[in-house]
Each structure stands twice: as structure tokens, then as C-alpha cells.
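Let me begin by presenting the structure, written as C-alpha cells, before commenting on it.
We're numbering straight along the sequence, starting at 1. All heavy atoms count here, side chains included; hydrogens, waters and symmetry mates do not.
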Amino acid sequence: MAVNILAFGPNGSGKGTQGAIVKEKYGVNHIESGAIFREHIKGGTELGMKAKEYIDKGDLVPDEITIPMVLETLAKSKEHGWLLDGFPRSKAQAEALDKSLKEANMSLDYVLEIQLDRQIAAERIMGRRLCANDNNHPNHIAFEAIKPVEKDGKLVCRVCGGELSARPDDQDTDAINKRHDIYYDDVTGTMAAVNYFKNAGGARVISVDGSISIKEVTDAIMKELV
């Protein structure tokens with residue numbers, strides 16, 4: 001039976017890493033909103049070009065652009081189930097997504113929230129590295145368990161040996177604060193979206209402490225996923 005999961009967590013919480021683990025164990029499609037945007041931008045679609053204007057400024061992409069992209073991808077994943085990561089990012093988006101899922105007769109089975117202190121999240125962001133082959137391959141210079149490996153005098157992905165890079169905005173404290181201002185906003189931002197789904201009923205809510213080790217977070221999540 002296909003399982004549909006909505007994943008929340010601030011940038012730096014390890015949400016992408018845990019999403020990849022859940023994907024492998026349960027066979028669901030890991031749908032990351034940023035990847036949806038990148039696919040449309042790379043393809044030069046009208047929605048993609050509009051989205052790029054907002055992404056380049058570090059602003060939220062408007063719902064009328066984002067939601068059609070997301071729903072199209074979720075619909076393609078009905079057979080295997082999905083884990084949606086990175087959307088919704090506001091209370092308004094949460095309400096719109098909830099309505100759209102119901103209209104499309106798609107269930108939401110779990111809401112996964114990885115909780116993490118804002119300062120710790122910021123420190124983690126600055127140490128992470130992205131693999132050119134797969135952004136969900138965990139690499140972080142500050143965590144022994146997922147440290148990149150050295151090859152020919154440079155650090156490469158610990159999973160596949162791919163080239164690593166740091167996102168420019170991961171090294172920009174102003175950009176990090178801007179993203180976290182959106183996430184930790186519990187009035188209209190992402191935390192308001194988390195609370196919306198917590199109160200909506202229907203889906204089982206899983207909240208885990210993101211400050212513990214990757215394995216401990218994984219164990220806590222797997223214990224609740226049934």
C-alpha cells in the first residue's frame with residue numbers, strides 16, 4: 001500500500017538525509033520542491049522562468065506557480081507513494097495544498113517534523129556540501145559519520161565519489177537568516193503550516209529531535225512509521 005508523507009524541518013535539520021532513508025526503506029518517491037523548480041527552470045518552462053525570478057531573490061515562489069508544479073509531480077507518484085519535502089512553506093500554502101489533495105482524492109498519511117534549534121540549524125548549513133550527482137547524498141565537514149572523503153587532494157562525496165560544492169547562500173548569514181525567518185514564523189510561515197497540519201487531523205504526526213545523531217533520528221522516525 002502506498003504511503004504519503006509530508007516532511008518538515010528547518011534548513012540544516014537533516015530533512016533531506018532522512019527523506020532519502022525513508023525513500024529507500026519504503027520505496028516512496030522523495031519529492032523535493034527545489035528539485036521540481038530546478039527541473040522546470042532547466043526545461044525553460046513558463047512556470048520555471050517565473051519561479052526563477054523569485055528564487056534568485058531568496059523569496060517564496062507564489063502559490064499560483066508552485067502548487068501546479070507540486071500537484072503534477074504528486075499525481076505521477078500515486079502508485080508508489082511520496083514524501084514531499086520543502087513544501088508547503090507558509091500557512092496559506094498548507095491550506096491550499098490540503099484542499100488540493102482532497103480534491104484530487106490523495107491521502108496524507110504522515111506529517112513528519114524534525115525539530116531543531118535555530119542557531120544549531122544555521123551552523124549545520126554552513127558545513128554541508130552538495131554532491132554533483134545527488135543532492136541527497138549526505139556530506140558535512142563537521143560530522144564524522146558523514147564527512148566527505150579525500151581523493152587526489154580534494155574532498156569528494158562519501159557515497160559516490162562525486163564532486164562537492166557549497167551553495168553560495170549556505171555561506172551567507174543574511175541568506176540563512178532570511179530562510180530561517182520564513183521557517184520559524186509560526187504566524188504565517190512554515191511553522192504555521194506545520195501547526196495547521198498538526199491540527200487538521202487525519203494524518204499521523206511524527207515529531208523528532210533533530211539535534212541527536214543521524215542514526216538516532218532515523219530510529220525515532222522508523223519507530224513511528226508503521
**Request:** Could you check E53 against D59 for side chain to side chain contact (heavy atoms under 4.5 Å, CB included), going step by step and ending with a plain yes or no?
**Result:** CA-CA 9 Å; E53 295 177 10; D59 294 332; over 6 Å; no

**Request:** Check the pair E32, K15 against salt bridge (Lys or Arg N to Asp or Glu O under 4.0 Å), reporting the backbone distance first and the verdict last.
**Result:** CA-CA 10 Å; E32 195 268 313; K15 179 164 48 70; over 6 Å; no

**Asked** For L225 and V22, what are the C-alpha separation, side-chain angles and deciding distance, and is it a side chain to side chain contact (heavy atoms under 4.5 Å, CB included)?
**Response** CA-CA 9 Å; L225 283 175; V22 171; 4.2 Å; yes

**Request:** Evaluate salt bridge (Lys or Arg N to Asp or Glu O under 4.0 Å) for D219 paired with K223, printing each intermediate quantity in order.
**Result:** CA-CA 6 Å; D219 289 344; K223 184 178 178 181; over 6 Å; no

**Criterion side chain to side chain contact (heavy atoms under 4.5 Å, CB included) on T188 and S90, from CA distance to verdict** = CA-CA 6 Å; T188 60; S90 70; 5.9 Å; no

**Prompt:** Where do D98 and K102 land on the salt bridge (Lys or Arg N to Asp or Glu O under 4.0 Å) test, with the steps shown first?
**Reply:** CA-CA 6 Å; D98 188 29; K102 289 173 180 174; 3.3 Å; yes

**Prompt:** How far apart are the C-alpha atoms of N29 and W82, what are their side-chain angles, what is the distance that settles it, and do they pass the side chain to side chain donor-acceptor pair (under 3.5 Å) test?
**Reply:** CA-CA 5 Å; N29 291 334; W82 42 262; over 6 Å; no

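A heavy-atom distance below 4.5 Å is not found between the side chains of R129 and L155. Under the 4.5 Å side-chain criterion, counting only non-hydrogen atoms from C-beta, Q18 is in contact with T218. Side-chain atoms of K91 and D185, non-hydrogen and from C-beta on, never get closer than 4.5 Å to each other. With contacts defined as side-chain heavy-atom distances shorter than 4.5 Å, the pair V205/F197 does not qualify. In this structure, L84 and L97 have side chains that are in contact, with non-hydrogen atoms separated by less than 4.5 Å. Within the 4.5 Å cutoff, the side chain of D209 has no heavy atoms near those of the E216 side chain. Counting heavy atoms from C-beta on, the side chains of I176 and M126 come closer than 4.5 Å. Using a 4.5 Å heavy-atom cutoff, the side chains of R124 and N11 are not in contact.
Of all heavy-atom pairs spanning L47 and P68, the tightest one is CD1-CB, 4.5 Å. Nearest approach of P138 to R158, heavy atoms of both residues: O-CD, 3.1 Å. Across all non-hydrogen atoms, the minimal contact from N139 to C131 is ND2-CB, 4.4 Å. Taking every heavy atom of both residues into account, S207 and E113 meet most closely at OG-OE1, 3.0 Å. Closest non-hydrogen pair, I31 versus S77, comes out as CD1-OG, 3.5 Å. Heavy-atom minimum distance, N133 versus G162: ND2-CA, 3.5 Å.
A salt bridge links D170 with R179: at least one charged nitrogen is closer than 4.0 Å to a carboxylate oxygen. A salt bridge is defined here as a Lys NZ or Arg NE, NH1 or NH2 lying under 4.0 Å from an Asp or Glu carboxylate O, and K76 with E72 meets this definition. We find that E144 and K147 are joined by a salt bridge, their nearest charged nitrogen and carboxylate oxygen being less than 4.0 Å apart. With salt bridges taken as basic N to acidic carboxylate O contacts below 4.0 Å, one links R118 and D181.
Atom OG1 of T190 sits about 11.0 Å away from atom CG of N195, to the nearest 0.5 Å. Residue R204 holds its CZ atom at 11.5 Å from CD1 of I5, rounded to the nearest 0.5 Å. Once rounded to the nearest 0.5 Å, the distance linking NZ of K215 with CE of M222 reads 11.0 Å. Going from atom CG of D85 over to atom CG of N136 covers 7.5 Å, rounded to the nearest 0.5 Å. Note that CD of E46 and NE2 of H40 are 11.5 Å apart. Values are rounded to the nearest 0.5 Å. Note that the CG atom of N177 and the CG atom of D172 stand 9.0 Å from one another [nearest 0.5 Å].
By the ring pair (Phe, Tyr, Trp, His ring centres under 6.0 Å) test, F143 is found to be paired with H140, residues two or more places apart in sequence or in another chain being considered. Scanning for ring pair (Phe, Tyr, Trp, His ring centres under 6.0 Å) contacts around H180 gives Y184, with sequence neighbours left out.
In this structure a side-chain-to-backbone donor-acceptor pair under 3.5 Å is present from Y183 to G9. Counting only distance, with no hydrogens or angles, the side chain of Q93 and the backbone of R89 share a donor-acceptor pair below 3.5 Å. Looking at N135, its side chain never comes within 3.5 Å of a backbone N or O of L130 through a donor-acceptor pair.
Hydrophobic clustering, with ILVMFWY side chains joined whenever heavy atoms are under 4.5 angstrom apart, groups V3 together with I221. A single hydrophobic cluster is seen to contain both L6 and V61, as judged by linkage of ILVMFWY side chains at heavy-atom distances under 4.5 Å, directly or through other members. Residues F37 and M49 share a hydrophobic cluster, clusters being chains of Ile/Leu/Val/Met/Phe/Trp/Tyr side chains in contact below 4.5 Å. Under the 4.5 Å side-chain heavy-atom criterion for Ile, Leu, Val, Met, Phe, Trp and Tyr, V208 and V194 are members of distinct hydrophobic clusters. At a threshold of 4.5 Å between side-chain heavy atoms, the hydrophobic network of Ile, Leu, Val, Met, Phe, Trp and Tyr places L83 and M69 in two separate groups.
Residue pairs meeting the side chain to side chain donor-acceptor pair (under 3.5 Å) criterion with at least one member in residues 19-28, sequence neighbours excluded, do not occur.
Among the candidates I114, L112, V111, the single residue satisfying the side-chain contact (heavy atoms from CB on, under 4.5 Å) test with F8 is V111. Exactly one of V70, I65, L71 qualifies for a side-chain contact (heavy atoms from CB on, under 4.5 Å) with I67. That residue is L71.
Counted within 6.0 Å of CD on E163, heavy atoms from surrounding residues, nucleotides or ligands total 12 or fewer; the atom is thus considered open. Heavy-atom contacts from other residues, nucleotides or ligands closer than 6.0 Å to CG of D56 number more than 12. With a 6.0 Å radius and a threshold of 12 heavy atoms from other residues, nucleotides or ligands, E123 has its CD atom above the threshold. For K99, the NZ atom counts as loosely surrounded, since its 6.0 Å shell holds 12 or fewer non-hydrogen atoms of other residues, nucleotides or ligands.
Figure legend: K50 and Y54 shown without cation-pi pairing, the cationic atom not lying both under 6.0 angstrom from the six-membered ring centre and within 45 degrees of its axis.
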